[in-house]
Chemist: 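Here you go, one structure.
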There are 2 protein chains.
Amino acid sequence: MMRPTIKTVAAEAGVSTATVSYVLAGRTKGNGSGISPATAQRVHAAASRLGYRPNQAARTIRTGKSNLMMLSLTMLSDPWSLSVSKAVGAAVAPAGITPMILADTDWRTAIKRQGADVIFIDAAERPGDAELLAELALSNNLVVFSETLEPQGFDVIRSLAGDSMDHAMDHLTASHTKVAALTTSGSLTASGPTRYRAYVAGLERAGIEFRQDYVATFEKDEVSAYQAAVALLQVPDPPTAIFATSDFAAIAAVHAAERLRLAVPDDVVVMGIGNTMAGEVMTPSLTTIGPTDFYAGLADFLVERAQDPTKPHQVLEFPWRLFVRDSAPGAP
Amino acid sequence: MMRPTIKTVAAEAGVSTATVSYVLAGRTKGNGSGISPATAQRVHAAASRLGYRPNQAARTIRTGKSNLMMLSLTMLSDPWSLSVSKAVGAAVAPAGITPMILADTDWRTAIKRQGADVIFIDAAERPGDAELLAELALSNNLVVFSETLEPQGFDVIRSLAGDSMDHAMDHLTASHTKVAALTTSGSLTASGPTRYRAYVAGLERAGIEFRQDYVATFEKDEVSAYQAAVALLQVPDPPTAIFATSDFAAIAAVHAAERLRLAVPDDVVVMGIGNTMAGEVMTPSLTTIGPTDFYAGLADFLVERAQDPTKPHQVLEFPWRLFVRDSAPGAP
DNA sequence: GTGAAAGCGCTAACAC
DNA sequence: GTGTTAGCGCTTTCAC
């Protein structure tokens with residue numbers, strides 16, 4: 001009943017554990033140690049006869065490598081997260097790495113319990129996070145997505161929004177004056193250059209007066225975003241353009257509009273942020289700003305880091321641009 | 001630079017590694033081994049001073065417990081998967097277990113590489129899967145979701161659809177005669193009692209003639225389901241009721257209808273399968289059939305299994321019922 | 001009360 | 001070509 005170990009296999013094949021280890025690691029020939037094909041054959045036969053499976057924990061303790069990539073994704077249902085997951089899934093396969101997602105779970109506690117060759121963290125905005133990450137980085141290989149953090153023993157992925165948010169707002173204000181914002185409730189009071197701030201600045205640049213009833217906020221879930229969008233589109237003298245601060249919110253806004261029998265983009269145009277796959281393939285396809293090749297680029301970087309954790313830490317920036325698609329076409 | 005071990009801590013505190021282990025496991029007093037509070041204090045101080053973190057791999061190799069739960073979810077974007085993930089996330093917290101999701105990845109290869117205290121597999125329909133699972137179950141604690149598999153060293157989660165699919169169809173045919181099906185392309189040719197078959201039988205029971213153009217199929221992604229639904233609603237003499245074989249397809253159908261300026265449920269009613277949270281909270285809320293308390297029940301079962309893997313394997317069945325909500329209300 | 005030591009399954013020098 | 005052996009970091013029995 002006991003699960004067979006390398007020892008059992010060695011006994012069964014009549015060789016030493018070292019030989020089994022070598023054979024199973026595929027270093028039979030050409031490499032440093034030469035194991036005769038006959039022996040290798042015997043070992044393989046014994047292993048499969050016994051149903052031997054290597055013990056990952058033992059291997060990890062010895063080599064220091066777990067062949068695991070951990071992705072902490074704060075809001076799994078967000079298309080952003082799903083895009084990351086999909087891209088990573090494709091990238092890790094050839095490297096023999098298993099991607100594991102930590103969903104909606106608090107990485108702050110989970111990482112202490114579970115290690116991996118590389119750990120990606122998609123949100124670290126809470127006070128004290130910077131210090132905590134610096135500490136965790138001493139014994140973990142971290143890659144953090146953040147607009148504000150600086151690398152401190154870990155890598156930082158940053159989207160180089162540059163002036164693309166301004167472009168997005170200008171794109172909307174070029175043909176619309178009733179431009180609303182759909183944003184998270186937290187963003188109104190957050191400090192620093194936020195997406196919401198770009199909205200306010202965009203209005204100002206276009207000489208459009210700010211209206212409080214054109215600002216709708218939601219919590220971090222689809223239902224909340226959807227309801228906020230429905231309410232937004234039903235205010236007296238409703239907006240004809242919506243600047244949503246994520247693709248996920250933008251998609252909810254499109255659905256809300258359609259639900260209210262408003263056509264997108266004819267009755268109301270919608271702009272997202274993130275350039276997710278979900279926005280790209282939906283109907284109407286979503287006009288959005290976001291990084292180019294972000295998901296694949298991130299995935300490749302993570303794989304590289306998992307394989308070589310020694311390289312100096314860096315900031316990896318993905319420049320943004322505006323993707324004009326159907327939900328908010330250009331001026332006629 | 002080296003990550004501190006139990007040995008480092010022992011040296012720092014001036015005690016032995018055994019004492020450190022005891023203290024850090026929280027067995028200071030009352031339990032078998034009595035460690036003086038003073039010593040415990042010293043050890044804790046040393047540990048935190050050094051930033052000590054236990055090595056999970058080493059602990060796992062010794063105890064055989066990883067405190068890990070693995071969830072293999074075939075289609076992560078499906079609300080079914082997201083519901084499972086959410087329920088599990090809530091259930092594991094008090095148990096000190098970390099849930100890891102294997103998304104869109106092939107469990108067949110991944111499980112051999114990575115173990116966990118319990119592994120949930122949401123789809124095992126390929127030929128040979130039954131045998132493979134039986135083999136993997138020798139060294140893994142598996143819980144498999146399947147309508148057809150029997151437990152062979154692993155547990156089986158099954159939804160006891162019973163006659164609820166018939167109820168669902170009867171619910172639709174009670175007030176509609178133009179009832180269409182939205183199903184996966186694979187289901188048309190699959191053997192056994194499928195959801196599609198329930199559709200055909202339901203029509204027959206109601207004396208409604210089967211129409212080929214009322215059967216729309218999609219591949220396993222949202223876009224495909226959405227497009228299939230759009231096409232379905234645009235056939236000449238379009239259906240006024242849609243029987244979708246998953247909540248995910250049903251949600252796509254609702255969006256498709258709204259996109260075409262058809263009101264749900266006034267112009268077309270939609271029925272899903274699965275009773276997911278996404279369907280429950282959407283607007284209009286989704287009429288669906290599915291198990292009661294499934295997600296929480298599954299999550300609790302998984303936690304239980306993770307903690308006590310010795311219990312005899314069983315089939316856990318979740319009886320289904322019809323949830324009449326807004327997308328397909330009852331006959332007036 | 002505390003420590004010494006064995007050993008979990010595996011890998012990698014190094015010896016033969 | 002193949003075997004011996006020393007650990008990796010941790011838990012736990014048993015002796016002091």
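Just so we're clear, the structure is a prediction, and the values are computed from it rather than from any experiment. Reminder, nothing fancy here: chain letters follow the sequence lines and each chain counts from 1.
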Chemist: Is any side-chain nitrogen or oxygen of B:S36 closer than 4.0 Å to OP1 or OP2 of C:dT2?
Modeler: yes
Chemist: Please tell me if A:T39 has a side-chain N or O lying less than 4.0 Å from either OP1 or OP2 of D:dT2.
Modeler: yes
Chemist: Is it the case that more than 12 heavy atoms not belonging to B:K65 sit under 6.0 Å from its NZ atom?
Modeler: yes
Chemist: Go through C:dA4, D:dG3, C:dG1 for me and flag the one nearest to the B:S16 side chain.
Modeler: C:dA4
Chemist: Closest to the B:I6 side chain: D:dT11, C:dG3, C:dA13?
Modeler: D:dT11
Chemist: Expected output is a numbered-order residue list: members of residues 55-63 of chain A with a heavy atom under 4.0 Å from any atom of DNA chain D. What is it?
Modeler: A:I61, A:R62
Chemist: How long is the line joining NZ of B:K65 and P of D:dG9, in whole Å?
Modeler: 24 Å
Chemist: What is the distance from CD of A:Q114 to P of D:dG9, rounded to the nearest Å?
Modeler: 17 Å
Chemist: Among the candidates C:dT2, C:dA4, C:dC10, find the nucleotide nearest to the side-chain atoms of B:A18.
Modeler: C:dA4
Chemist: Quick one: which of D:dC10, C:dA5, D:dC8 gets closest to the side chain of B:K7?
Modeler: D:dC8
Chemist: In this structure, how many angstroms lie between the P atom of D:dG1 and the CD atom of A:Q41, rounded?
Modeler: 17 Å
Chemist: With the side chain of B:T19 defined as its heavy atoms from C-beta on, choose the nearest nucleotide among C:dA13, C:dT2, D:dT12.
Modeler: C:dT2
Chemist: Does the pair A:W107 and A:F120 meet the rule for a ring-ring contact (aromatic ring centres under 6.0 Å, His included), with working shown?
Modeler: CA-CA 10 Å; A:W107 57 262; A:F120 173 70; over 10 Å; no
Chemist: Determine the minimum heavy-atom distance between B:F318 and B:I157, stating which atoms define it.
Modeler: CE1-CG2, 3.9 Å
Chemist: Please report, rounded to the nearest Å, how far the C1' atom of D:dT5 is from the OH atom of A:Y22.
Modeler: 12 Å
Chemist: Quick one: do B:E12 and B:K7 make a salt bridge, cutoff under 4.0 Å?
Modeler: no
Chemist: For A:T5, which contact category applies under a 4.0 Å heavy-atom criterion: base, sugar-phosphate, or nothing?
Modeler: sugar-phosphate
Chemist: Which heavy-atom pair separates A:P4 from A:Y52 by the least distance, and what is that distance?
Modeler: O-CD1, 3.4 Å
Chemist: If the condition is salt bridge (Lys or Arg N to Asp or Glu O under 4.0 Å), which residues does A:E135 pass it with, not counting sequence neighbours?
Modeler: B:R53
Chemist: Any luck finding a side-chain donor-acceptor pair between A:S159 and A:E147 under 3.5 Å?
Modeler: yes
Chemist: Report the nucleotide, chosen from D:dT5, C:dC10, C:dG1, that has the shortest atom-to-atom distance to any side-chain atom of A:Y52.
Modeler: C:dC10
